[in-house]
Structures are given as C-alpha cells and as structure tokens.
Undergrad: 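Handing you this structure, nothing more for now.
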Protein chains: 2
Amino acid sequence: MPKIAMLSTGEEVLYGDIVDTNAAWLSREFYEHGFSMYKRSTVGDQKASLLQEIVMLSLNLDVVIVNGGLGPTSDDLTAEIAAEAADEQLVLNQRWYDNLKAFYAKRGKEMPESNIKQAMLPASATVVDNPIGTACGFKMRINGCLFYFTPGVPSEFKKMTLEQILPDLQAEFPAQQGKACRRLYTFGLSESGIADTLSSLVLPPEYEMGYRSYLPFIEVKLFGPAEDLEMGARLLAMVEKLLHSNVVSIDEPMLERIGHLVNLYKPTIAISEHATKGYLASWLQDNDNIAQHCAATWVLGNRTSSPLDRDSERLGATLALAGATKSNCNADIAISTGKLESDAFSVAIATSKGEWGQTLKLQRSYSTQSIKTVIATVAGDMLRRYLDNKPMFPDYGFLTRSEEIFVPQDKLA
Amino acid sequence: MPKIAMLSTGEEVLYGDIVDTNAAWLSREFYEHGFSMYKRSTVGDQKASLLQEIVMLSLNLDVVIVNGGLGPTSDDLTAEIAAEAADEQLVLNQRWYDNLKAFYAKRGKEMPESNIKQAMLPASATVVDNPIGTACGFKMRINGCLFYFTPGVPSEFKKMTLEQILPDLQAEFPAQQGKACRRLYTFGLSESGIADTLSSLVLPPEYEMGYRSYLPFIEVKLFGPAEDLEMGARLLAMVEKLLHSNVVSIDEPMLERIGHLVNLYKPTIAISEHATKGYLASWLQDNDNIAQHCAATWVLGNRTSSPLDRDSERLGATLALAGATKSNCNADIAISTGKLESDAFSVAIATSKGEWGQTLKLQRSYSTQSIKTVIATVAGDMLRRYLDNKPMFPDYGFLTRSEEIFVPQDKLA
C-alpha cells in the first residue's frame with residue numbers, strides 16, 4: 001500500500017482565505033480508486049517552509065501530490081523549490097512555452113512577461129498537460145519519492161488528476177483495487193439518526209459505510225469491492241428499506257432524479273416564489289430536463305400585492321397562489337413557496353389531480369441562503385413525490401410540520 | 001515570531017468527507033491577531049501516523065493546535081497518543097469528570113460509559129474549558145513545544161480558541177501585533193493582471209498585499225499595522241487609483257455596496273430574467289436593503305413567449321424587455337437579462353434617465369452556475385454604476401463587449 005500525501009501551498013494558509021476543497025476532493029477520489037491518503041500538509045509561500053516540507057515528505061512517503069504555487073506571480077515558487085529540493089536547475093520547457101504563446105494568441109492577446117515563468121521547470125521534470133489553463137503540471141522523483149506538481153485552480157486540478165495522475169498511479173501500483181461506491185441521498189434525517197437506524201445492519205468485512213453531510217442532504221455511501229455487484233445491490237436495498245421515506249434518490253442527486261421524472265412525463269411547470277426569491281426557479285432549471293419544461297416564474301417582492309397578503313390562513317394563501325399560477329400560465333403543474341414568517345414557511349403544488357400544501361417550521365436558525373435551500377428542497381421534493389406517485393408528507397426530522405392539506409381536483413372551484 | 005502549526009486528525013482525511021473549515025478559520029483568526037501559521041497537517045486515525053506527526057511537530061514548532069479525536073468513541077485516540085508522545089500516563093481528571101456528570105445530569109440523563117474516556121488526560125495536562133460540549137480541551141508541553149488539544153466541533157473549537165487559546169498566546173508572546181486588513185473588490189480583472197498593474201507600487205516593510213480569487217471577484221487585501229490608519233488609507237487609495245474602473249466596492253462585498261446605494265436613493269426595482277433563471281433576483285434580495293425595494297421579478301422559461309423571441313437584434317430585445325418590465329411594474333428601475341446564445345448574453349437597465357444595454361461574450365467555458373453568477377454580477381454592476389453615477393461600460397477583461405447602447409429618456413417612445 002503506497003503511502004500518499006498531499007501538500008497544498010500558498011499564502012492562503014496564512015490568510016486562511018481558501019478552504020481546501022482540492023484536498024477534500026482528492027482524498028475522496030483517491031479513496032474510491034483504492035488509494036488511501038496517509039497525510040496532508042499545507043504550507044505558506046516562504047521558500048524555507050516549502051523546501052523543508054517537500055524534503056521531509058520525500059524521505060517518508062511514496063507519492064506526494066503538490067498543489068498550488070504554479071502561477072505567474074512572484075509568490076509562485078513551487079517549480080523553483082522543487083528544483084532546489086532535487087538539486088537541479090530550472091530550464092525552459094519549449095513545449096509548454098509554445099503552448100502558452102498559442103493559448104494567448106487564440107484569445108487575441110500578447111502573453112504577459114510574468115507568464116514565461118510558468119514554462120521554467122526542473123531539469124528532470126516531465127510535463128503533465130493542462131489543456132484548460134496556463135500552468136502545466138509536472139512530475140519528477142525527489143529522493144526516490146514520486147512527486148506530481150499540480151495547479152491550484154480546482155477545474156484544472158481535477159481534470160489533470162482524473163485524466164493523467166490517477167491512470168499513472170494505477171499503472172505504477174496495479175495491486176490497488178478501486179472500490180465501487182453506491183450512494184443514496186436522504187433529506188430530513190441527521191447523521192446520528194442515520195447511524196442509529198443503520199446500527200442493526202452488519203456489513204461484510206470488505207464493505208464500509210460513509211456519510212457526507214451537506215445542507216440539506218445527507219449522502220449515504222456504501223463502499224465495497226468493484227466486482228461484487230449482487231452483494232452491493234442487496235446491501236444498498238437493505239439500507240434503502242431502513243431509511244425508507246427519507247431517501248430522495250439513488251446514485252444521483254435529487255435534482256437529477258426530478259429531471260428524469262420530468263423528462264418522462266413532460267409536464268409544463270410554472271413557479272411562483274416568495275420566501276425563495278427566485279432561488280427555486282434558478283436551482284430547478286440548473287437541470288436541463290426541467291428547464292425545457294418550465295414556463296414562467298413569478299417572484300413576489302416586498303412591493304408586490306398578491307394572494308399572499310390576505311390575512312387569511314397562510315397555507316390557504318400559498319395554495320391559492322399555486323392554483324392561480326397554474327391557470328394563469330396554463331401549466332400542468334405549478335409550485336409555490338409562500339412567505340417566511342416566524343421561522344415557518346408554506347409550500348404548495350397545484351396539479352391536474354388536485355392541490356397539496358404544507359406548513360413547516362425551522363427548528364434552529366439558518367443563514368439566509370440555507371433557508372432558501374431548505375424551502376426549495378421541500379418544494380422540489382413535493383414535485384418529485386407527485387411525479388413518482390409517492391406519499392407527499394414524510395417526516396422531515398429537522399422540520400416541524402404544523403399543517404398539511406390535499407384538495408382533490410373535483411373539489412376545486 | 002513563534003512558529004505555529006495546526007494538526008487536524010480524523011478519518012475524514014481518508015474519506016475526504018469534511019472540508020477543513022476549522023483550519024481555514026484558525027488561519028484567518030490567528031493572522032489578524034498577529035500570529036501567522038507556519039504549516040498545517042492532517043492525518044487519519046491510525047496511532048502510528050498521529051504519534052509520528054505529533055512528535056515531528058514538537059521538534060520543529062513552537063506552538064501546535066491539535067484538532068479532533070477527543071470524542072468518546074474507539075476512534076478517538078488523541079489523548080492516549082498525546083500521553084505516549086510525552087512519555088506519560090493517562091490519569092483521571094477529577095474536575096472534568098465531575099463536569100461531565102453534571103452535563104448529563106442537567107439533561108436528565110445518565111453519562112454513557114464511553115464518555116468517561118473524555119476525562120482521562122495526560123498527567124501533565126491542564127484542562128482548557130469547553131462550556132458547550134463534552135470534550136474538554138487540554139494544554140501541555142511536548143519536547144518544549146506548547147500543545148493545545150481541541151475538539152473538532154466548529155462551534156466548540158471557535159469558542160475555545162477565541163476565549164482561551166488566543167488570550168493565552170497573547171500573554172505568552174506579547175510582541176505579536178494584530179494587523180488591520182483593508183480590502184477592495186474588483187470585477188473584470190485577473191490575478192496576474194492585477195499583479196502586473198500593482199507591480200509599480202512599493203509597499204512599506206510592514207505592509208503586505210494578498211489576493212483572494214473567487215468567481216467572479218478578486219478581493220485585493222492590504223495588511224498593515226493596526227495603528228497606522230493614515231498610511232493604510234493612503235496606500236489603499238493608491239491601489240484603488242491603479243485599478244480604477246474595475247473596483248466595485250471597498251471593505252465590503254459588492255452586494256452590500258449596492259444595498260447601501262439602494263437604501264440611499266430608495267428606488268422601486270423590478271427584474272426580468274432569462275439566462276439567469278431567477279438567480280439574479282435571489283442573489284440581489286439576499287441583501288435586505290435591496291429586498292425591501294424589490295417589486296416583482298419575472299423569470300422567462302423556455303415555454304414563455306416574450307419580446308426576447310423576436311428575431312430582431314438581441315440587445316434591442318433585452319432593452320425592450322427592461323422597458324416593458326419597468327412600466328408594467330411601475331418601477332423606478334428595471335433590470336433585465338436576455339437569453340444566453342453562443343456564449344453571448346445581454347443585460348439592460350431601464351431608468352428614469354434612459355435605458356442602457358450591452359452584449360458581452362464569455363471567453364471560455366463555465367459551469368451552469370458560474371455563467372449565472374457572471375451575468376448576475378454584470379447586471380448588479382450596472383445597477384451600482386447607475387445609482388453611483390459611474391460610467392456604465394468599463395473593460396471587463398474576461399468578457400468581450402460586442403455591443404453597447406444608451407437611449408436617453410427623451411428619445412424613448
């Protein structure tokens with residue numbers, strides 16, 4: 001089992017400006033491909049600390065991925081220090097230099113002087129291509145340890161890792177087995193709630209469960225041998241059964257599941273929003289299938305009069321809004337989010353079968369964006385449940401339902 | 001200058017499930033209090049790697065903050081390993097043991113057996129209080145280096161750091177000066193473009209410049225001694241002059257600047273969106289000042305007919321949409337985003353002085369959300385420039401302007 005470390009460099013460690021998403025991503029990707037990270041370090045721009053860390057790691061690890069410090073500015077010292085650590089000179093890499101000139105020419109620009117620096121590499125280094133940026137990666141051995149130097153920009157780093165570094169490592173260390181990862185997404189449960197529920201499940205030795213929690217979903221991941229399809233599927237089905245009505249999608253985020261359902265039934269969808277202020281329409285239409293079926297969205301501002309202003313009961317007002325939106329836009333389905341008041345909000349869906357609505361209360365305080373995310377997710381979940389013919393009002397553990405209603409089509413005015 | 005490191009521990013390094021926000025937060029807080037982080041490490045749960053890392057750090061650093069591994073489960077090994085690194089025994093800390101029993105009693109519960117572990121500390125350790133959790137922190141010297149062991153839960157970690165660890169360090173190292181940070185936000189420049197432009201600026205020795213780049217802004221930060229207000233202000237003014245029309249705000253994000261301008265002039269604002277799909281309304285109304293002045297937002301879906309469908313020139317259609325939105329909603333200002341076609345988009349603003357519009361082209365590919373962010377930011381910038389009486393069509397380095405138009409009020413139909 002090769003010992004692998006990641007070294008992130010840059011003044012961000014001093015200023016704490018960047019949360020290291022590259023490192024978290026690499027750990028996840030490598031794990032699923034059978035390579036476990038042994039440790040991770042971050043140092044600033046100073047030559048001394050970067051040099052010391054590179055040398056220390058080269059003596060103790062088998063593979064090191066270095067991230068950052070390949071930019072054109074005077075703070076970017078990684079190539080220079082890599083050369084020093086290997087007791088080499090920096091030399092101009094003609095291939096990359098020509099690449100850079102072409103990159104700028106294609107954009108109708110002259111290459112800035114400072115970018116020439118990005119073509120100066122240690123003498124023994126081989127280029128690791130970067131088709132979408134100006135900083136090439138490079139690969140070399142220092143004290144026998146295999147080093148990959150990579151750009152800090154996440155899109156460039158990920159592409160380089162997936163297309164070049166991982167295949168390279170798989171060729172170098174063929175014994176490492178990739179793992180298959182099966183996921184399901186839940187909405188409405190907490191990590192400790194899920195852990196308690198799943199504690200009765202005994203996993204075979206080669207299987208592991210992991211949770212990734214990010215508002216408002218918890219992703220439950222089942223890792224196991226890639227070849228063992230039948231056992232993996234059976235275990236996943238057991239997990240799904242235990243978590244039942246809080247499972248919103250399997251092996252894809254909930255939004256993609258909704259997209260598939262919309263593509264299947266092809267309803268015209270109209271949206272009216274208050275508390276979500278446009279976020280619901282924006283989020284849903286991130287999915288192309290859904291975007292193709294969206295008619296207008298109406299976002300009510302504070303200076304708009306609407307059915308929501310009536311003193312009448314809040315849920316009734318949101319239901320009326322959904323009904324009005326459906327008929328005004330001549331849509332098959334309309335989704336509405338009402339006002340947010342005292343940490344409570346209503347969501348309603350108007351369909352050809354009737355109208356459903358619910359009022360839910362937040363149990364703790366959230367940021368402005370998090371509130372919009374939670375409300376939009378409830379709205380999306382109602383759309384998913386309607387299209388997939390599932391019960392509309394499950395238990396959302398972190399929300400308290402105070403009202404729910406269904407008015408069948410034949411009872412509507 | 002004490003050399004300070006942070007060591008994060010836990011299986012998250014293997015699964016990459018948690019992005020290390022504690023580490024980023026600590027770097028920022030420490031920096032502003034005059035303590036620069038020298039490096040940061042993350043290791044998994046295995047005894048060997050944690051022990052090795054603690055020993056290595058103790059030999060090279062002056063202060064180490066260790067985060068995580070203080071929970072009650074069998075994976076939580078930090079206290080045991082700290083004792084081993086210092087060649088000590090674990091002993092029961094009576095004070096914390098009593099604390100724990102009281103913590104559970106107050107909640108009407110019996111303390112679980114596994115929690116007793118959290119009161120077993122290395123013999124020479126002193127407790128660092130944790131009033132909001134069950135894992136106390138502790139402090140001890142290992143090979144002369146000052147170690148603080150802290151809980152992983154962010155709220156507990158932050159409280160402990162601010163209330164106990166930082167004051168402790170300020171007493172231990174009184175020479176460290178807190179720094180003042182002055183920021184300006186730019187839109188339309190690249191990091192290397194900014195670096196080139198500012199290369200002519202010579203900073204006094206106690207000052208440092210930093211850049212934080214996140215789509216679509218670059219935050220330029222000037223760090224200097226907290227007491228030197230006049231010099232700091234003068235330097236910031238020089239930076240602003242050099243970056244001139246791409247500076248969107250100073251010491252606050254652009255959205256907040258727009259909020260202040262809206263609060264000053266109090267216009268009613270209406271929005272109509274196509275390419276941004278509701279994101280523009282959602283983003284702008286994240287600011288309370290702006291939200292209070294928003295009338296309706298109309299989001300055009302793929303199934304809506306609108307002035308944008310006319311074969312006529314795209315910019316003209318978006319301008320017409322803005323004008324129609326302004327009069328339909330009886331608003332003082334209307335902002336419109338047109339369709340996105342072949343990487344080009346139009347944005348228009350209709351006001352009592354007239355209508356402005358521009359068509360811009362993206363120079364590279366972006367994610368769906370990034371495109372919405374860029375277009376919404378251009379729209380927000382037009383609103384800011386209108387309210388602040390600034391030129392409407394600056395050079396946005398990463399966008400190509402193909403059309404621009406202004407139709408004064410008296411020329412409008």
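Here the structure is a predicted model, which means the values were calculated and not measured. Below, all heavy atoms of this structure are taken into account, side chains as well, without hydrogens, waters or symmetry copies. A, B, ... follow the sequence lines: proteins, then strands. Residue 1 opens every chain.
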Undergrad: Looking only at atom types and distance, does a side-chain atom of B:K39 sit under 3.5 Å from a main-chain N or O of A:S41, one as donor and one as acceptor?
TA: no

Undergrad: Given a strict heavy-atom distance threshold of 4.5 Å, which part of A:M56 is in contact with chain B: side chain, backbone, both, or neither?
TA: side chain

Undergrad: Can a donor-acceptor pair be found, under 3.5 Å and without considering hydrogens, that links the side chain of A:T337 to the backbone of A:H274?
TA: yes

Undergrad: What part of B:T276 lies closer than 4.5 angstrom to a heavy atom of chain A: side chain, backbone, both or neither?
TA: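 The backbone, not the side chain.
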
Undergrad: Between A:K109 and chain B, with a heavy-atom cut-off of 4.5 Å, which part of the residue counts as in contact: side chain, backbone, both or neither?
TA: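 Only the side chain of A:K109 comes within 4.5 Å of chain B.
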
Undergrad: Do B:D395 and B:R401 sit within salt-bridge range, that is, some charged N less than 4.0 Å from a carboxylate O?
TA: no

Undergrad: Would you mind checking which part of A:E29 comes under 4.5 Å of any heavy atom in chain B, side chain (CB onward), backbone (N, CA, C, O), both or neither?
TA: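 Looking at A:E29, nothing touches chain B.
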
Undergrad: Using the six-membered ring of A:F223, assess whether NZ or CZ of A:K179 lies under 6.0 Å from its centre and within 45 degrees of the ring axis.
TA: no

Undergrad: Check each atom of A:E32 against the heavy atoms of chain B and say whether the ones under 4.5 Å are side chain, backbone, both or neither.
TA: neither

Undergrad: Keeping the roles fixed (side chain from A:N22, backbone from A:G152), state whether a donor-acceptor pair exists under 3.5 Å.
TA: yes

